[in-house]
K.L.:
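My questions all concern the structure below.
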Amino acid sequence: MRMPLFRGVKRWGKLISALLLSSFLLAACGENSPSVLNPAGPVADRERILFWFILIVATIVFVAVEGMLIYSIIRYRERPNSPTPRQIHGNNTIEVIWTVAPSIFLFAVLIGTIYTMVNLAQPKTPADVEVKAVGHQWWWEFDYVTQNGIVTADSLYVPTGAVVQVDLVSNNVIHSFWVPELTGKTDVIPGHNNHLWFTADHTGTYRGECAEYCGDQHAHMDFNVVAYDPNTFQTWVHMAQANAATPAAGSLEQQGAKLFAGSGGCTGCHGIVGVNLTSYADTRAAGLVGPNLTHFGSRRLIAGGVLSWDPTSCAIVNGQLVNKNNCGLYKWLQDPQGFKPGNDMIIGQLTDTQITQLIAYLESLQ
Ligand code: CUA
């Protein structure tokens with residue numbers, strides 16, 4: 001009886017076409033996504049080299065094994081009137097080859113991996129910047145150990161060329177810190193403080209994300225690493241160490257400040273140095289569940305990247321937001337639970353006037 005070798009080829013063809021099509025569609029998702037293949041620092045560069053090495057080894061094995069398999073299926077398929085093949089059992093030479101060959105390949109991968117791990121375990125020079133990255137549900141807080149203890153959220157500012165040591169802290173669930181263009185993933189484990197380091201070679205904004213499922217809003221736990229040239233970084237440090245700006249009397253900003261710090265206002269959860277905190281080291285900060293907003297006006301992400309914040313799309317003319325539907329901060333203050341269900345920001349409904357005052361104030365916190 002003839003074996004129907006090509007039965008089902010059509011069905012497989014359809015399946016493979018569907019897979020190819022979906023991979024093209026998914027590839028389109030990557031337009032604004034960072035890639036481990038575009039490293040912007042020495043750590044990510046070494047990891048990229050390891051990635052290519054393992055991919056090449058795996059490809060050689062895949063092509064060799066599948067090639068022999070496909071060759072055998074076609075060459076030795078059953079034909080009409082073909083005799084029963086010779087029945088053989090055991091072949092020492094082949095068995096030794098298929099045990100030794102994979103061992104050599106796996107050993108090569110092991111050596112490459114260990115070499116990379118040892119090389120990246122410690123930076124060659126002491127850290128220039130040390131920062132604690134605290135994983136909250138669901139946003140990242142950055143507490144500088146150096147730079148006089150500046151505290152920020154969603155954006156981590158670093159100087160180019162500097163060794164940045166990141167101490168990973170969580171007091172809730174396991175998160176994972178990942179900046180594809182700068183450094184691989186490291187778990188952020190409650191009760192076990194991991195560390196990593198990276199260096200950014202070029203100025204720019206690098207997207208980071210949480211790479212370990214940590215609850216409903218895991219996908220909305222993004223952050224930015226903003227790499228400044230060393231001079232700009234020093235300017236940023238001076239700016240960030242200063243107390244928050246005090247708005248002028250009678251201004252829209254001042255009305256927002258009153259609302260912010262009033263009873264039942266935002267200071268129940270958010271700290272601002274110069275308003276409800278005397279310094280970044282103020283112990284009262286420990287009791288506040290929301291991000292420190294001292295220099296919020298200079299940041300560009302809101303709420304773990306669920307919305308972006310761009311002052312030009314939140315322009316206020318004659319006390320009115322001119323394009324509120326394009327203003328990420330308006331949308332957030334209007335309905336924080338709608339944009340990020342389950343997050344800690346549970347507030348009463350604010351009026352458009354109140355939101356406008358708050359936006360004016362928050363924007364003034366440069
Ligand atoms: Cu934090 Cu996923």
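For ligands, and for the atoms within them, numbers begin at 1 and follow the listed sequence. These numbers come from the heavy atoms of this one structure, side chains and all, not from hydrogens, waters or symmetry mates. Residue indices begin at 1 and follow the sequence shown.
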K.L.:
Quick check: do Y280 and T294 have side-chain heavy atoms less than 4.5 Å from each other?
P.N.:
yes

K.L.:
Answer yes or no: does atom CG of N91 have more than 12 heavy-atom neighbours from other residues, nucleotides or ligands under 6.0 Å?
P.N.:
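Atom CG in N91 is packed in, count exceeds 12.
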
K.L.:
Is there a side-chain contact between V65 and W98 in this structure, where contact means two heavy atoms from C-beta onward sitting under 4.5 Å apart?
P.N.:
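They are not in contact (no side-chain heavy atoms under 4.5 Å apart), so the answer is no.
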
K.L.:
Less than 4.0 angstrom from a charged side-chain N to a carboxylate O is my criterion; do D310 and R300 meet it?
P.N.:
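No, D310 and R300 are not salt-bridged.
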
K.L.:
Which atoms of the protein, restricted to N, O or S, are nearer than 2.8 Å to atom 2 (Cu) of ligand 1?
P.N.:
C210 SG, E212 O, C214 SG, H218 ND1

K.L.:
With Y330 as reference, evaluate N325, D335, T356, D352 under the side-chain hydrogen bond (donor to acceptor under 3.5 Å, both in side chains) test and give the passing residue.
P.N.:
D352

K.L.:
Search all heavy atoms of G274 against all heavy atoms of N243 and return the closest pair with its distance.
P.N.:
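Residues G274 and N243, closest heavy atoms: CA-ND2, 3.9 Å.
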
